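Just below is one structure, and these are the notes that go with it.
Each residue takes its place number in the sequence, starting with 1. All values derive from a computational prediction rather than experimental measurement. All values below were derived from every heavy atom in this structure, side-chain atoms included, with hydrogens, water molecules and symmetry-related copies excluded.
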Amino acid sequence: MHEHEHGQEHGHGMVNPIELQKLLGGINYPIDKSTLLDRARDAGAGSEVLDALQRLPDQRYNSPTDISDQIGKLT
């Protein structure tokens, strides 16, 4: 079980939109999923953001909107 997650305020699958936008704004596009995950880890992204990014389709993303749209479809 995931006992350490009981303190999450956003609930399962919810991503902090401010954290996400800050992360996506600092990235050079286009970007592929694995590079995106590397950048997120380097930027100190939270567990909700990393979890969402890991669940994205493995493809190239051309803008922050591409990524946000895909994350919106995950819920």
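- Looking at residues two or more places apart in sequence or on another chain, you find no side-chain hydrogen bond (donor to acceptor under 3.5 Å, both in side chains) involving S63.
- Of the inter-residue distances, the one linking I31 atom CD1 with Q59 atom CD reads 12.5 Å to the nearest 0.5 angstrom.
- Using modelled atom types and a 3.5 Å distance limit, the side chains of T35 and D32 yield a donor-acceptor pair.
- The minimum heavy-atom distance linking S68 with L24 is given by the pair OG-CD1, 3.7 Å.
- Legend: residues meeting side chain to side chain contact (heavy atoms under 4.5 Å, CB included) with L37, ordered by chain and number and at least two apart, are K33, R41, L53, Q54.
- Of all the heavy atoms in R60 and P30, the pair that sits closest is NH2-CG, 3.7 Å.
- For N28, the CG atom sits in a loose shell: 12 or fewer heavy atoms of surrounding residues, nucleotides or ligands are nearer than 6.0 Å.
- Taking hydrophobic clusters as Ile, Leu, Val, Met, Phe, Trp and Tyr residues chained together by side-chain heavy-atom distances below 4.5 Å, L50 does not share a cluster with Y61.
- Among residues two or more places apart in sequence or in another chain, the side-chain hydrogen bond (donor to acceptor under 3.5 Å, both in side chains) test is passed with D69 by none.
- Taking CG of L56 as the reference point, atom CD1 of I67 lies at 7.0 Å (rounded to 0.5 Å).
- Side-chain atoms of D51 do not come within 3.5 Å of backbone N or O of S47 as any donor-acceptor pair.
- Under the 3.5 Å distance criterion, the side-chain polar atoms of E19 are matched with a main-chain donor or acceptor of G46.
- How far CG of N16 is from CG of L20: 8.5 Å, rounded to the nearest 0.5 Å.
- The shortest heavy-atom contact between V15 and A52 is CG2-CB, 3.5 Å.
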